[in-house]
Amino acid sequence: MIPINKPQIDDEERQEILKVLDEGILTSASNFGGKRVQDFERLLADFLHVKHAIAVNSGTAALHASILVSGIKESDEILIPSFTFVATANSVACTGAKPVFVDIEKDTYTMDPLDLENKITKKTRAIIPVHLYGHPAKMDEIKEIANKHSINVIEDACQSLGSTYDGKQTGTLGQMGCFSMYASKVLTSGEGGAITTDSDEFAEKLRMIRNHGMVNGYDTRIIGFNMRLPEISAAIAKTQMTKIQSMLEKRTINAEKLGQQLAEKIGNHNNNNDVVLPQENKRVKFNWYLYTVAVNNDRDKIRKFLNDNGIGATIYYDPSVHQTPFYSQYHVGKLENTEWASKSVISLPVHPSITTQDIEFMACKFGEALKT
Ligand SMILES: Cc1ncc(COP(=O)(O)O)c(C=O)c1O
């Protein structure tokens with residue numbers, strides 16, 4: 001099977017892990033984290049051109065910590081898309097705040113600024129746009145609405161490390177950005193995450209929150225948890241940071257080739273715009289975490305055909321969050337574009353291990369799938 005994503009691990013990561021084991025310091029409960037945690041944080045902050053990066057042990061923890069540091073209280077409302085991985089909603093709900101679901105735009109799969117504005121109430125305290133598949137959300141419009149209502153923007157950049165909006169890195173455009181280093185992501189440490197911010201005050205508190213609210217030993221000052229990133233994970237993450245640029249470049253090359261070949265194969269079948277390929281534009285550049293196509297007919301049949309032919313085509317996400325048994329209690333009514341997308345999207349792999357032959361094979365089989 002050609003996997004939908006594949007960690008890019010080689011000898012440099014292995015050597016760095018062995019060094020951690022030899023040194024014998026596997027984690028650090030100091031306020032600033034272990035040696036490799038600090039190395040990783042510096043590399044990430046430099047890459048993103050942001051003042052602070054705070055490493056944590058998952059993207060979910062990054063979101064949870066950002067919500068806590070924003071001073072969100074029970075029954076406050078946080079606006080999120082429903083077309084996302086459920087972690088976005090879980091991080092809100094676990095604080096006692098209410099996730100309010102906003103529809104997406106059909107062309108970007110990200111938060112629709114018009115629906116966002118409609119959903120703002122006196123209780124709204126934060127907006128969490130998600131740069132799904134590495135497609136940047138419309139940050140200008142979202143920030144304008146947030147500023148008008150004095151609301152914080154926390155970017156869920158868990159899938160978008162390296163994607164840019166008007167030349168700026170996603171995850172640095174709001175008050176905070178949250179990243180995931182889960183095994184499938186463009187940069188991985190197995191499990192892991194990070195929060196980025198230009199605010200000294202948020203950074204100081206986030207370092208406390210990841211470490212049980214402590215600063216100097218057992219002096220808990222605010223609520224916190226164990227969100228610390230272990231040194232072995234940080235060793236992988238910091239090594240991955242040194243090759244992030246080349247990993248992203250390979251994804252871009254693969255996505256361009258796949259796009260060209262798919263366009264050729266689907267040409268005759270696309271009179272009614274049945275298949276929509278992902279498009280960058282002048283303002284947005286993707287990290288190509290996934291190559292996500294919308295197919296208006298027979299999506300599940302096409303996915304099965306591709307899987308049967310050894311292509312790890314995957315659907316992210318069906319059902320969407322507001323349609324799950326738990327979150328349907330939070331939402332009444334339809335989210336038209338979200339529900340369309342959950343029944344139409346299909347993602348193909350373009351990770352750095354994908355070869356030219358894989359791309360030709362995937363495009364060919366996709367063309368065949370449309371005919372069957
Ligand atoms: C959009 C989105 N948000 C949040 C998360 C949560 O990240 P993690 O799995 O590292 O907790 C993920 C990753 O899986 C994600 O894709």
Side-chain angles (χ1 to χ4, degrees), residues 3-7 37 40 44 53-68 78-95 99 101-102 104 108-111 126-137 139 142 153-163 170-171 173-174 176-196 206 209-210 225-230 233-234 236-237 240 251 286-292 314-322 324 327 338 341-342 345 347 349 351:
I4 187 72
N5 255 310
K6 188 167 184 248
V37 163
F40 164 66
L44 182 64
I54 297 102
V56 288
N57 49 24
S58 70
T60 309
L63 286 161
H64 185 192
S66 308
I67 294 165
L68 288 174
I78 303 190
L79 297 173
I80 63 170
S82 164
F83 200 50
T84 179
F85 179 54
V86 72
T88 321
N90 284 343
S91 318
V92 173
C94 78
T95 66
F101 295 108
V102 176
I104 54 162
T108 63
Y109 306 117
T110 66
M111 193 175 252
I127 302 170
I128 309 185
V130 180
H131 307 301
L132 199 72
Y133 312 137
H135 298 191
M139 289 304 291
I142 292 170
V153 176
I154 300 168
E155 296 170 79
D156 182 335
C158 284
Q159 300 189 0
S160 72
L161 177 63
S163 298
T170 55
L173 301 155
M176 282 170 275
C178 299
F179 293 88
S180 166
M181 281 113 70
Y182 178 66
S184 70
K185 300 297 192 272
V186 297
L187 179 137
T188 187
S189 56
E191 299 277 3
I195 309 132
T196 47
L206 287 165
I209 289 170
R210 82 165 162 197
F225 299 93
N226 176 359
M227 295 176 170
R228 296 184 297 264
L229 185 69
S233 304
I236 304 174
Q240 295 252 300
R251 283 179 181 272
F286 302 164
N287 66 352
W288 295 107
Y289 170 54
L290 294 163
Y291 190 96
T292 303
T314 306
I315 289 156
Y316 303 104
Y317 295 94
D318 183 13
S320 50
V321 177
H322 75 284
T324 61
Y327 282 103
T338 300
S342 75
V345 291
S347 295
H351 55 77

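In listed order, ligands and their atoms are each counted from 1.
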For the student: nearest non-hydrogen atoms of E155 and G174, plus distance: OE2-N, 2.8 Å
Closest protein heavy atom to atom 3 (N) of ligand 1, given as residue, atom name and distance to 0.1 Å: D156 OD2, 2.8 Å
Atom 15 (C) of ligand 1 - nearest protein heavy atom and its distance: C158 CB, 3.6 Å
Criterion side chain to side chain contact (heavy atoms under 4.5 Å, CB included) against S82, the qualifying member of Y327, Y317, F101: F101
Test item, A62 contacting ligand 1 (heavy atom, 4.0 angstrom): no
Atom 13 (C) of ligand 1 [closest protein heavy-atom partner, distance rounded to 0.1 Å]: K185 NZ, 2.9 Å
Ligand 1-proximal atoms of V130, by part, heavy-atom distance under 4.0 Å: side chain
More than 12 heavy atoms of other groups within 6.0 Å of Y182 OH: no
Heavy atom of the protein closest to atom 16 (O) of ligand 1 (residue, atom name, distance): Q159 NE2, 2.8 Å
Between S189 and S233: side-chain donor-acceptor atoms closer than 3.5 Å: no
No-hydrogen, no-angle side-chain donor-acceptor test under 3.5 Å, Q159 and H131: no
Sub-4.0 Å heavy-atom contact, H131 with ligand 1: no
From OH (Y289) to CG (L132), nearest 0.5 Å: 9.0 Å
A87: numbered ligand 1 atoms lying under 4.0 Å from its heavy atoms: 4 (C), 5 (C), 6 (C)
Atoms of ligand 1 close to G192 [distance to a heavy atom under 4.0 angstrom, numbered from 1]: 10 (O)
Atom indices of ligand 1, in the order listed, that fall short of 4.0 Å to a heavy atom of S58: 10 (O), 11 (O)
Test of proximity, G59 against ligand 1: N or O pairs below 3.5 Å: yes
Under 4.0 Å to a heavy atom of T84 - the qualifying atoms of ligand 1, by number: 1 (C)
Polar proximity ligand 1 side, S180 side, N/O cut 3.5 Å exclusive: yes
For I195 against S66, the heavy-atom pair lying closest together: CG2-OG, 3.7 Å
Nitrogen or oxygen atoms of T60 and ligand 1 under 3.5 Å apart: yes
Atom pair OG/CG of S184 and N5 - distance to nearest 0.5 Å: 5.5 Å
Under 3.5 Å donor-acceptor, R228 side chain and R210 backbone: no
Option among T108, T110, T292, N287 that satisfies the side chain to side chain contact (heavy atoms under 4.5 Å, CB included) test with Y133: T292
Ligand-side contact atoms (ligand 1) for residue partner T88, heavy atom cut-off under 4.0 Å: 3 (N)
